[in-house]
Amino acid sequence: MVFRSAYDQGFARVAAVTLPVVTADPAANAAAVIAQARALSDQGVCLAAFPELCLTGYAIDDLILQDVLLAEVLTALEELRAASAELLPLLVVGAPLRLGSRLYNCAVVIQGGAVRGVVPKSYPPTYREFYEARHVAAGVGAPARSILLRGVAGPAGGQDPGQDAGQDAGARDGAVVPFGTDLLFEVEDVAGLTVSVEVCEDMWVPVPPSCLAALDGATVQVNISGSPITVGRSEDRMLLARASSARNLSAYLYAAAGQGESTTDLSWDGQTFVYDNGELLGSTERFPDGPRATVADVDLEGLLAERLRQGTFEDNRRALAAGSGAPERRTVRIGRQEMAVPRTDIGLRRTVDRFPFVPDDPARLAQDCYEAYNIQVAGLVQRLRAIGNPLVVIGVSGGLDSTHALIVAARAMDRLGRPRSDIHAITMPGFATSEQTKHNALALATALGCRVEELDIRPTATTMLTEMGHPYGRGERGREVYDVTFENVQAGLRTDFLFRIANARGGIVLGTGDLSELALGWCTFGVGDQMSHYNVNGGIPKTLIQHLIRWVAAEGLFPAEASRVLKAVLDTEISPELVPASDSEPIQSTQARIGPYALQDFTLWHVLRRGSRPSRIAFLAEKAWSDASAGQWPEGLPDSERVSYTLAEIRSWELVFLRRFFANQFKRSTLPNGPKVVAGGSLSPRGDWRMPSDASAAAWVAELERNVPPT
C-alpha cells in the first residue's frame, strides 16, 4: 500500500463531463470526447461520464432514424474504442444504437480498447416536451442480451459469454457486447468500484434502476442526461440525485447536455455534479462556454462501511430479490491488466472536514447547535418529569463542560415552568483551582438565578490523603507526589459530595462529562466524574461544545451578564485543574496530556461512524490538517485554534487515541443515561457502541505503525 495514494486509501477519482456538441456530427463529437477523456486520464480519473446522446446531439428529432447518422455513430464508436486503449478511464457515452428492428437510446461503456457493454434507457419519456417513443424503444424488457456493433472491433479473447446464441457468426463483422438494463461494471483494480448506468428519465421514475442496481452491489451510479433546462429543474435534479445517493449509500454522477444542442424549442444548461452518500462533492457552472468537468474522489471504502453498518440495506435487497422474479444481474469485470490505476500521490479531489462534528457552513452550524441544545434540554425535561421533578445538583468548575450542562439545566427549568433556583450549582475548589475559573463558575450560576454554593474540598482531601499514607498527606510537596491518586482523590470527593448532597435534598446529580472525554477515558471511574444520575453532555464531542456555548450566548436566551460570562469561559484553557501550577507548567493542560481535541475528535468520528483503518484516518487527517491556510474553518473558531499538524504529530496522537480508547472501554460500559445527540454516534453501551472491556488495541496500533511513515 502506498500511504499517500488516494486509490490505496479507498477512493476512486471520477468525472461528470459536459461538452459542446455538433448537431448530427458523430465524428466531431467523438473527437471532443476523446480530447476530454485524454485530459481526464492524465489526472488519474478512472470513470468519466458524458451526456445522453452526446455522439449525435439529443435534440435532433427524426434525424436520429437516418441510416447515414446511425452508420456514422458506429464509426465514431470505433474511434472511441481505439483511442481508449491508451487511456485510463471507463468512458460512458451516449449514442443511438439499432437492435433488430428497433432503435435504443443507449449508454455505451468503453474502456481499454474495448466496448464493455451497452445499457439502453429503461423509460424513454413521451410527455410535455419529450417525444422519445416516436424514435426509440424502452430498454426494459428488450428482447436481446447482447448487441452487434458493426464495424467496431471486438475485445481480444472473442465472443462475450453474455451474447445470444446464433450471433457468433456476426461477430466477424463487429463487436458483440453485453446489452441490457441489468449490467454492472466492476473494476478489479479499484476495490469496491462497481458501476451502474441509467439514462436521464430513468432517474425520475418512482423506482429508478439505480436503486435496484445499488442493492445488487453498485457503489457508483452514473446518469447521462439530455435534460433540457426549465426554471427550477436544476434544483429538482440535485434533489433526486442527492436522495438516490443517500438512500442507496452510493456515489452518483450526473452529466447533462449543454452547449451546441439545438435551441429550436428548448434550452440546455450543461449541469454536472457528483454526490457521495448524500454529500455534494462538486459541481460545474451552468450554461458554460466550452467543456466542463466535475472531478471528485468518491469514498468507496466509506460507502462499503456504511452498508456494512446499515443492516437494513441488505435486508431490503433480500426481500426484493425473493419476490421480484427478475433475472440475475450480469457483471462485466474489467481486470487489473486492463485498467491499472495510479498508485502514486495524486492528491485528493474532495474536501476533508477538519471538524467532522462541526459544520463549516455558518447556517448549518447554527441549525446543528439549535438541534443539539434542544435535544439535550428535551432529554433532561423528560427525565425530570418521569421521576417526580426533583432538584438538580450540579458541580460547576467554570470549564466548558459544566458551563454547558448548567445552561442546559437552566433551559430545562424554564420549559418545566420551575424556578432556576431549583438548580443547586456547587463549586468545589481544590488544590489547583484558579481564581478565574472559580469566579466564572460563581458568576454564571448567579446570573442564571441558580442556588449558588461553594464547598472547599481541600480539608477533606488532605485528611483522606493523610489517612492513606500518601506523601502529600505527610506534608511533602512537588510534582513527584502529584500522581493519579492525588488527582482522583479530588475528582472522587467532588462526585461523592454531589451524590450525598443530592440524597439529602431529594435531587439528582447532573453529569457534565462529554463524548470526547469518554472516548479517551479522561474521567475518574465510579466515584468520580464518570458517574451521575443523568448526563446531558455524554453525546456531545468537545469540539462542538464551544460552538454550542457561543450559539447560546449569541441567541440571548439568558441575561446579558450570563452571556458575558459564557464568552469568558470560551477563552479559558481546557484543564482539569487538579495539579498545582509551577514554573515549568503554569497550568495543567489536558490537551498536552491526551492530545489536541481537534485531532482526537477527528479520529473518534472516523472510528465510531466508519470503523476506518488507522492508516486511512491518518491519511485523511493529513489532508485536513496539514495546511492551516487552506479550506474553511467553522465560524467563530478563534485564530489561535486555526493551526496545522504534521503527519508525525497526527501519527503520534492517533497512537495515544487508540491505546486510551481500548484501555478505557470499562468506563463506557457503565455509563449513566443521557441522550444521543450527533449523527456521528454515541459511546453508550445501550446505543451505538458495544465493545468488550478487555479487547486489545494491538492490531490497530500495528496497522498504524506499519502503514504510516513516522516522519
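For the single chain, residues carry numbers from 1 onward in sequence order. Hydrogens, waters and symmetry mates are skipped; everything else that's a heavy atom, side chains included, is used.
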Donor-acceptor contact present, side-chain [X] to main-chain [Y], <3.5 Å:
| X | Y | result |
| --- | --- | --- |
| Thr18 | Ala256 | yes |
| Asp182 | Arg329 | no |
| Ser250 | Ala246 | no |
| Glu301 | Phe11 | no |
| Gln111 | Leu90 | no |
| Ser5 | Val2 | no |
| Arg247 | Gly278 | no |
| Arg150 | Asp173 | no |
| Ser267 | Ile229 | no |
| Arg330 | Leu183 | no |

For residues [X] and [Y], determine if any side-chain heavy atom of one lies less than 4.5 Å from a side-chain heavy atom of the other.
| X | Y | answer |
| --- | --- | --- |
| Arg349 | Leu281 | no |
| Glu132 | Asn105 | yes |
| Gln221 | Ser244 | yes |
| Cys54 | Ile224 | no |
| Phe602 | Ile617 | yes |
| Arg233 | Ser227 | yes |
| Thr194 | Val220 | no |
| Pro178 | Ser146 | no |

Which atoms form the tightest heavy-atom contact between [X] and [Y], and what is the distance?
| X | Y | answer |
| --- | --- | --- |
| Glu188 | Gly335 | OE1-CA, 3.5 Å |
| Ala618 | Leu647 | O-CD1, 4.2 Å |
| Cys200 | Gly226 | SG-N, 3.8 Å |
| Cys46 | Ala12 | SG-CB, 4.0 Å |
| Ala107 | Val199 | CB-CG2, 4.1 Å |
| Thr181 | Ser122 | CG2-OG, 3.3 Å |

Face-on cation placement of Arg354 at Trp633 ring, 6.0 Å and 45° thresholds: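 Yes, Arg354 sits over the ring of Trp633.
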Checking side-chain polar atoms at under 3.5 Å, does [X] have a donor or acceptor matched by the opposite partner on [Y]?
| X | Y | result |
| --- | --- | --- |
| Ser626 | Tyr645 | no |
| Arg4 | Gln9 | no |
| Glu198 | Tyr252 | yes |
| Gln271 | Ser234 | yes |
| Glu703 | Ser615 | yes |
| Thr23 | Ser262 | no |
| Thr272 | Thr284 | yes |

Starting at [atom1] of [X], measure out to [atom2] of [Y] and round the result to the nearest 0.5 Å.
| X | Y | atom1 | atom2 | value |
| --- | --- | --- | --- | --- |
| Thr711 | Arg651 | OG1 | CZ | 9.0 Å |
| Ser196 | Leu212 | OG | CG | 10.0 Å |
| Glu654 | Thr603 | CD | OG1 | 4.5 Å |
| Gln43 | Leu88 | CD | CG | 11.0 Å |

Side chain to side chain contact (heavy atoms under 4.5 Å, CB included) against Val14, all qualifying residues, sequence neighbours excluded: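 With neighbours one apart ignored, the set is Leu47, Leu253, Val274, Val298.
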Contacts of Leu65 that satisfy side chain to side chain contact (heavy atoms under 4.5 Å, CB included) - sequence neighbours left out: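 Only Leu103, His135 meet the side chain to side chain contact (heavy atoms under 4.5 Å, CB included) criterion with Leu65.
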Is it true that [X] and [Y] have a side-chain N and a carboxylate O under 4.0 angstrom from each other?
| X | Y | result |
| --- | --- | --- |
| Asp297 | Lys623 | no |
| Arg343 | Asp189 | yes |
| Arg38 | Glu86 | no |
| Asp299 | Arg616 | yes |
| Arg317 | Glu314 | yes |
| Arg134 | Asp61 | no |

Within the supplied structure, the quantity of interest is the number of heavy atoms (other residues, nucleotides, ligands) at a distance under 6.0 Å from [X] [atom1]; does it exceed 12?
| X | atom1 | result |
| --- | --- | --- |
| Arg364 | CZ | no |
| Arg286 | CZ | yes |
| Asp289 | CG | no |
| Phe287 | CZ | yes |
| Glu285 | CD | yes |

Ring centroid separation Phe179 to Tyr104 under 6.0 Å: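 Yes, ring centres under 6.0 Å apart.
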Within the 6.0 Å centroid threshold, strictly below: Phe355 and Phe357: no
Residue pair Val119, Phe185: steps toward the side chain to side chain contact (heavy atoms under 4.5 Å, CB included) verdict: CA-CA 11 Å; Val119 180; Phe185 301 87; 4.0 Å; yes
Verdict with reasoning, Asn248 to Cys211, per side chain to side chain contact (heavy atoms under 4.5 Å, CB included): CA-CA 6 Å; Asn248 294 325; Cys211 289; 3.8 Å; yes
Steps toward side chain to side chain contact (heavy atoms under 4.5 Å, CB included) verdict (Val33, Leu19): CA-CA 8 Å; Val33 169; Leu19 72 176; 4.1 Å; yes
Where at least one partner belongs to residues 235-246, residue pairs that pass salt bridge (Lys or Arg N to Asp or Glu O under 4.0 Å), sequence neighbours excluded: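 For residues 235-246, and leaving out neighbouring residues, the salt bridge (Lys or Arg N to Asp or Glu O under 4.0 Å) pairs sorted by first residue read Arg237-Asp269.
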Geometric class of the Tyr127/Phe130 ring pair [parallel <30°, tilted 30-60°, perpendicular >60°]: perpendicular
Worked verdict on Tyr7 versus Arg13 for side chain to side chain contact (heavy atoms under 4.5 Å, CB included): CA-CA 8 Å; Tyr7 280 103; Arg13 183 158 296 175; 3.6 Å; yes
Sole candidate of Val108, Leu91, Val222 that passes side-chain contact (heavy atoms from CB on, under 4.5 Å) when paired with Phe50: Leu91
